[in-house]
Amino acid sequence: MKKESYRSDQMKSEVFNAGNMTLLYGLGLDKEDIRRPFIGIANSWNEIHPGHKHLRELSAAVKEGILAAGGQPFEFNTIALCDGLTQGHPGMCYVLPSRDLIADSIEINAQGHQLDGLVMIASCDKIVPAMAMAAGRINIPSILVTGGPMVGGMFHGQRMGGAWMVREAAAKVARGEMPPEEYERMQKSVCSGVGSCPMMGTANTMSCLMETLGLTLPGCGSCHAVTAEKLRYARNSGKRIVEMVQEDIKPRDYIDYGSIVNTLRVSAAIGGSTNTVIHMPAIAKAFGYELEPELFNEIGDSTPWMGNVIPSGKYTMLEFDQAGGTPAVMKELGGNYLDMSRRCVTGRTWEEELRDNPGSQDHAVITTTDDPLRPDSGLCVLRGNLAPVGAVVKRTGVHPDMLVHRGPARVFDGEDAAVEAIRSGAIHAGDVIVIRYEGPKGGPGMREMLNPTTALIGYGLGQSTALVTDGRFSGASHGPCVGHVAPEAAEGGPIAFVQEGDMISISIPDKLISLEVSEEELARRKKSWHSAPLKAESHYLKRFQYLVTDAWHGAVMEVPGEKGM
């Protein structure tokens, strides 16, 4: 049923806003076009990001759908950093802070032009969550089109899972175990073309979770970038957003706390990235909810791991999609694990949406709940005197011999010094590397520790050496890596008081991480501690440091006293 009036009508009055009409006519529109609902297309396309280089083609398909359904599309751009290209240098400081900027830019455009609906297009780590945050904040009819994974390249007969494999191999070159020319062939083989890295890293985790949350059409998250099916998803999303405007269906009308719990449950089942625990609290906040760290353990301990996808599993996103993708996982979980009365972006309940879904098409890739990869899932929140608020580890990526570990602390005030120590042979089996002042404030920006984690694997220390940090990890990271330690060092958390040689014990089965130093000694060290100077030199990063919350509240920029935004 066609609506008689739209939000955008506020700027279309021919008498009182005649100047506005003149500007709209200046775009080449005629009166019939201007009477249609105005649909914004927030496109994060750019030419330096493999996950986003193809998004103009998807945007063109979205426009076709909008026009076919009777809407008027207006495309605008927002930024998108490539996490892979920012690894190992100061550029990584800007990646997490960019999430707020992306959400803000979409809000500004949508509210400034009083758009009636939004289609948001993105592929990768921070950009997809940013758009979900924008949908919750603005609360106008919204749909997200994810750009899709790339097809993993082949090297020596093995399907490659992403650039992290090349980073691990770099250590073999340094040790003379791989010829440089072989390494170059590997570099050219891994990324076959456009799309997000073909693993269950942060990009594809968040893209799949947007289906369960209710912001993308079911199946869109794992549909690959180079397929005709992806174009159909884009075109149908364009059609659907016009229907949503006509029906006045807004994100907060059907996305609630139950939807968020369902989303966390699916993340646990697919073996989602550790970055889920920073993005989902931020998204929840945008919808008016708070998530407690313990919720991740409650869900993780009661949800079977079913997605056999690298880096923790065996297969790439291509096999995951062919096995049925997120809808198949949800079908296998069913009402025993999910609230099937929650609605998705189609307007139907999940019970209705999945009624005819056959479930997993390949039980080696997506298992059943009766025969999972393991009875509990990947993410595990640790607590103890080293992390009173919490820390996170991906237990599905940890060798069984390292589930319990005790060793001497090797302390580094930043990522770069730790990487140099690993490469120079200064780290030994049994050590616990502590990298601090890399949290949201201290980093600034909570850099991903992919360089040290891949160096540990490459130098043969991945099954004997633990890493603990107030920074975070790439979704590609695996091994005994404990991140998101909170409170962070820059805020005077206990990690700031660790000294070289202190014994640290980690028990993932018991969810404990402990610094074997007495409370009296910690209190003495705290008295003599002086906060390290904040490292930010840029205006934006200084603002981020001043306003950012801790990791377990999403590391979002929040005005003091502000709640649920």
Peer 1: Could you tell me if R265 and T303 have a donor-acceptor pair between their side chains, going purely by distance under 3.5 Å?
Peer 2: yes
Peer 1: With D100 as reference, evaluate K285, K126, R137 under the salt bridge (Lys or Arg N to Asp or Glu O under 4.0 Å) test and give the passing residue.
Peer 2: R137
Peer 1: Looking only at the side chains, is there a donor atom on one of T368 and E332 sitting less than 3.5 Å from an acceptor on the other?
Peer 2: no
Peer 1: I'd like to know if the side chain of T346 pairs up with that of E353 as donor and acceptor (distance under 3.5 Å, no hydrogens or angles considered).
Peer 2: yes
Peer 1: Mind checking what makes ring pair (Phe, Tyr, Trp, His ring centres under 6.0 Å) contact with H49, not counting sequence neighbours?
Peer 2: H52
Peer 1: Quick test of your reading of the model: are E247 and R240 salt-bridged, counting only N-O distances below 4.0 Å?
Peer 2: yes
Peer 1: Among side-chain atoms of R472 and N275, is any donor-acceptor pair under 3.5 angstrom?
Peer 2: yes
Peer 1: Are side-chain N/O atoms of Q322 and Q361 paired as donor and acceptor at under 3.5 Å?
Peer 2: no
Peer 1: Ignoring hydrogens, what is the shortest heavy-atom contact between P37 and Q246? Give both atom names and the distance.
Peer 2: CG-NE2, 4.3 Å
Peer 1: Determine whether the side chains of T212 and N262 contain a donor N or O and an acceptor N or O closer than 3.5 Å.
Peer 2: no
Peer 1: Can you tell which of T205, L379, I278, N204 makes a side chain to side chain contact (heavy atoms under 4.5 Å, CB included) with S273?
Peer 2: T205
Peer 1: Looking at G40 and L115, what are the two nearest heavy atoms and their distance?
Peer 2: CA-CD1, 3.6 Å
Peer 1: What class does the angle between the rings of W552 and F296 fall in, given that below 30° is parallel, 30 to 60° is tilted and above 60° is perpendicular?
Peer 2: perpendicular
Peer 1: With a cut-off of under 6.0 Å to the ring centre and 45° to the axis, is K12 in cation-pi contact with F38?
Peer 2: yes
Peer 1: Regarding S105 and T78, do their side chains bring together a donor and an acceptor under 3.5 Å, going by distance alone?
Peer 2: yes
